[in-house]
A.B. asks: 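Handing you this structure, nothing more for now.
Bear in mind that the values here come from a model prediction, so they are computed numbers and not experimental data. Along the sequence shown, residues carry numbers from 1.
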Amino acid sequence: MPETPKGAAKAAPMHKPLRWLWLAVAVVALDLGTKALASSLLTYAQPVVVLPFFNLTLLHNTGAAFSFLADHPGWQRWFFAAIAVVASVGLTLWMRRLRADEKLLGGALALIIGGALGNLYDRLVHGYVVDFLSFHVAGWYYPAFNVADIGITLGAIGLIWESVFGERRRARRGR
């Protein structure tokens, strides 16, 4: 990060930046609740049509996004669990250093942490991640996903937004 020029205004540190962790807890709770509901009400791999382009389909993913590495013998469970732990700790440390004007960044980090922890729970307890949201069109199916994945995706979008437009804000402020 570039140094602040002399005489330029620098945003104050955020008051209680870890308060954003409530959002991570909400993502975890919603994720685990919806996964438990899907696991108890749906039959594995049997789609329940909700809309012409959307099904509820219970699936178990031993890999990462798009079932990446799912066909391996099991080491990937611990690999992805370790990534989730390291990412959550790193993002929480980043969150502690937020400035007062970085609210979007705080929310984005919390969404990613919540999503990572929701999927981490599944990996540690079940050995796979529970997915159940399935979108499709004209015979093409997007890989099934869950609420944790939504949190991670929205958080990543927030990080991209902040990296593009936050830089402009910091430049205007002289930081």
Side-chain angles (χ1 to χ4, degrees), residues 1-35 50-51 53-54 56 61 63-69 76 79-123 129-138 140-175:
M1 184 182 309
E3 289 187 32
T4 305
K6 291 185 179 187
K10 186 175 181 182
M14 184 180 286
H15 179 67
K16 298 185 180 180
L18 295 182
R19 74 176 185 270
W20 285 103
L21 290 177
W22 70 265
L23 182 55
V25 170
V27 170
V28 171
L30 185 60
D31 178 60
L32 296 181
T34 55
K35 287 174 180 174
V50 177
L51 296 169
F53 57 87
F54 173 66
L56 294 174
N61 182 359
F66 307 107
S67 296
F68 178 65
L69 298 178
Q76 72 278 20
F79 177 70
F80 293 128
I83 289 173
V85 169
V86 169
S88 296
V89 169
L91 295 176
T92 302
L93 292 173
W94 183 3
M95 187 182 288
R96 291 185 63 197
R97 298 177 30 193
L98 292 178
R99 312 303 279 165
D101 61 346
E102 295 178 316
K103 293 174 181 62
L104 174 62
L105 183 55
L109 295 174
L111 287 169
I112 295 170
I113 292 166
L117 294 177
N119 284 340
L120 174 64
Y121 176 89
D122 277 7
R123 287 188 200 290
V129 173
V130 175
D131 290 326
F132 60 93
L133 302 170
S134 176
F135 286 86
H136 55 90
V137 63
W140 178 82
Y141 284 77
Y142 188 80
F145 58 98
N146 57 47
V147 173
D149 298 332
I150 294 170
I152 292 168
T153 300
L154 291 176
I157 291 168
L159 284 179
I160 293 166
W161 183 273
E162 179 64 21
S163 72
V164 172
F165 297 106
E167 194 60 40
R168 291 180 186 168
R169 182 186 66 246
R170 286 185 288 279
R172 280 194 311 270
R173 190 178 64 224
R175 181 170 147 193

A.B. asks: Quick one about Asn146 and Asn119 (side-chain donor to acceptor, distance below 3.5 Å, no hydrogens or angles considered), yes or no?
C.D. replies: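 Checked: Asn119/Asn146 side chains pair up, N/O donor to acceptor below 3.5 Å.
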
A.B. asks: Any heavy-atom pair between the side chains of Leu109 and Thr92 that's under 4.5 Å?
C.D. replies: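 Result no, sub-4.5 Å side-chain heavy-atom pair not found.
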
A.B. asks: Distance from Leu133 atom CG to Phe54 atom CZ, nearest 0.5 Å?
C.D. replies: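 Reported value, rounded in 0.5 Å steps: 5.0 Å.
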
A.B. asks: If you look at every heavy atom in Leu98 and Pro17, which pair is closest and at what distance?
C.D. replies: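 That would be CB-CB, 4.3 Å.
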
A.B. asks: Does any part of the side chain of Leu104, heavy atoms only, come nearer than 4.5 Å to the side chain of Trp161, both counted from C-beta?
C.D. replies: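 Side-chain contact under 4.5 Å: yes.
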
A.B. asks: To check you understand the geometry: which heavy-atom pair defines the closest contact between Ala84 and Ala116, and what is its length?
C.D. replies: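 Shortest heavy-atom contact: CB-O, 3.9 Å.
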
A.B. asks: Could you pull out the closest heavy-atom pair between Arg99 and Pro13, with the gap in Å?
C.D. replies: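 Minimum heavy-atom contact is NH1-CG, 3.6 Å.
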
A.B. asks: Give me the ring orientation class for Phe145 and Phe135: parallel if the planes are under 30° apart, tilted from 30 to 60°, perpendicular past 60°.
C.D. replies: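 Taking Phe135 first and then Phe145, their aromatic rings lie parallel (interplane angle under 30°).
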
A.B. asks: Can any side-chain N or O of Trp140 pair as donor or acceptor with the backbone N or O of Val137 at less than 3.5 Å?
C.D. replies: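 No, because the side chain of Trp140 does not come within donor-acceptor range (under 3.5 Å) of the backbone of Val137.
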
A.B. asks: What is the distance from atom CG of Leu18 to atom CG of Leu93, rounded to the nearest 0.5 Å?
C.D. replies: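 Taking CG in Leu18 and CG in Leu93, the distance rounds to 9.0 Å.
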
A.B. asks: List the atom of Gly118, the atom of Val28, and the distance in Å for their closest heavy-atom pair.
C.D. replies: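 Scanning both residues completely, I find the closest heavy atoms to be N-CG2, 4.0 Å.
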
A.B. asks: Quick one: CD1 on Ile152 to CD1 on Ile113, what's the gap to the nearest 0.5 Å?
C.D. replies: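 With rounding to 0.5 Å, CD1 (Ile152) is 11.0 Å from CD1 (Ile113).
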
A.B. asks: If we only count heavy atoms from C-beta on, is the Leu159 to Leu105 side-chain gap below 4.5 Å?
C.D. replies: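 Heavy-atom side-chain distance check passes, below 4.5 Å.
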
A.B. asks: Please report the C-alpha distance between Asp122 and Leu32 in whole Å, then the side-chain angles of each, then the deciding distance to 0.1 Å, and finally whether the side-chain contact (heavy atoms from CB on, under 4.5 Å) criterion is met.
C.D. replies: CA-CA 8 Å; Asp122 277 7; Leu32 296 181; 4.1 Å; yes

A.B. asks: Which heavy atom in Leu23 sits nearest to a heavy atom in Ala110, and how many Å separate them?
C.D. replies: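 The pair with the smallest heavy-atom distance is CB-CB, 3.8 Å.
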
A.B. asks: What's the separation between atom CH2 in Trp20 and atom CE in Met14, rounded to the nearest 0.5 Å?
C.D. replies: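 CE of Met14 is found 6.5 Å from CH2 of Trp20.
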
A.B. asks: Looking only at heavy atoms, which two atoms of Ser88 and Leu117 are closest? And how far apart?
C.D. replies: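 Between these two residues, the closest heavy atoms are OG-CD2, 3.6 Å.
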
A.B. asks: Enter the distance from Ile150:CD1 to Leu111:CG here, rounded to the nearest 0.5 Å.
C.D. replies: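 Output value for this atom pair is 11.0 Å.
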
A.B. asks: State the CZ-CE distance between Arg19 and Met95, to the nearest 0.5 angstrom.
C.D. replies: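 It is 10.0 Å, given to the nearest 0.5 Å.
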
A.B. asks: Is there a side-chain contact between Lys35 and Val129, using heavy atoms and a 4.5 Å cut-off?
C.D. replies: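 A side-chain contact exists here, since the closest heavy-atom pair is under 4.5 Å.
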
A.B. asks: Take atom OH in Tyr121; do more than 12 heavy atoms of anything else shown fall under 6.0 Å from it?
C.D. replies: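 Result for OH/Tyr121: open.
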
